[in-house]
Student: 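Here it is, the structure in full.
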Amino acid sequence: MTQGIKELAIEFIGRGEIKGFHFRQLLRGQKMFLYEVNFDGLTHYEVFEMRVCITPKTKEPYVGYPKANSFGVWAWTYRDYEKAIEKYNENEKYGI
């Protein structure tokens, strides 16, 4: 946990373009996250780098969840859990 920075929720339901998606954190390392995502009976996994953002109004730091345009850059989606774990471990150890 990073002091003074609002952390991502362990579980949450998406809003907006991801409305109804259920997100559950499986792993949180020093550099990376792994979330399981369920929607309409289907499951996939999202692996992404920890990025700290700043709220424009309050200037408070928080850990941001990647937006759609982040995938393929600093976030990745996998249908296969083993491939997601492989990417998580690789980036947690060596970085992106």
Student: With a 4.5 Å heavy-atom cut-off, do Arg28 and Glu7 have their side chains touching?
Tutor: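 Arg28 vs Glu7: side chains touch.
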
Student: Taking the six-membered ring for Trp, is the centroid-to-centroid distance between Tyr45 and Tyr78 below 6.0 Å?
Tutor: no

Student: Any heavy-atom pair between the side chains of Leu27 and Ile85 that's under 4.5 Å?
Tutor: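 Heavy-atom side-chain distance check passes, below 4.5 Å.
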
Student: Answer with yes or no whether the hydrophobic clustering places Ile18 together with Tyr62; edges join I, L, V, M, F, W, Y residues whose side-chain heavy atoms lie under 4.5 Å apart.
Tutor: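 The answer is no; the residues belong to distinct hydrophobic clusters.
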
Student: Rounded to the nearest 0.5 Å, what separation is found between the CG atom of Asn91 and the CD atom of Glu49?
Tutor: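 The distance works out to 8.0 Å.
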
Student: Closest heavy-atom contact between Ala84 and Leu34?
Tutor: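 Scanning both residues, the minimum pair turns out to be CB-CD1, 3.8 Å.
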
Student: Under the side chain to side chain donor-acceptor pair (under 3.5 Å) test, which residues partner Gln25, sequence neighbours left out?
Tutor: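 Gln25: side chain to side chain donor-acceptor pair (under 3.5 Å) contacts with Tyr35.
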
Student: Donor-acceptor pairs under 3.5 Å, side chain of residues 9-17 to any protein atom, not counting sequence neighbours: which ones?
Tutor:
from: Glu11; atom 1: OE1; to: His22; atom 2: NE2; distance (Å): 2.8

Student: What are the two closest heavy atoms between Leu8 and Val63, and how far apart are they?
Tutor: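 The answer is CD2-O, 3.3 Å.
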
Student: Does Met32 offer a backbone N or O that forms a donor-acceptor pair with the side chain of Glu92 under 3.5 Å?
Tutor: yes

Student: How long is the straight-line distance from SG of Cys53 back to NZ of Lys6, given to the nearest 0.5 Å?
Tutor: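 Rounded to the nearest 0.5 Å, the NZ-SG separation comes to 12.0 Å.
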
Student: Report the residues that fulfil side chain to side chain contact (heavy atoms under 4.5 Å, CB included) with Lys59, sequence neighbours left out, ordered by chain and then residue number.
Tutor: Ile54

Student: Is Met50 close to Lys31 at the side-chain level, that is, under 4.5 Å between some pair of heavy atoms?
Tutor: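 A side-chain contact is absent here, since even the closest heavy-atom pair is not under 4.5 Å.
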
Student: What's the spacing between Asp80 CG and Glu86 CD if we round to 0.5 Å?
Tutor: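 Going from the CG atom of Asp80 to the CD atom of Glu86 covers 9.0 Å.
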
Student: Per the ring-ring contact (aromatic ring centres under 6.0 Å, His included) rule, which among Phe71, Phe23, Phe21 passes with Tyr65?
Tutor: Phe23

Student: Hey, does the side chain of Thr55 reach the backbone of Glu60 with a donor-acceptor pair shorter than 3.5 angstrom?
Tutor: yes

Student: If you compare all heavy atoms of Pro61 against all heavy atoms of Gly4, which two are closest, and at what distance to 0.1 Å?
Tutor: CG-O, 3.4 Å

Student: Is the shortest heavy-atom distance from the side chain of Trp76 to the side chain of Phe48 under 4.5 Å?
Tutor: no

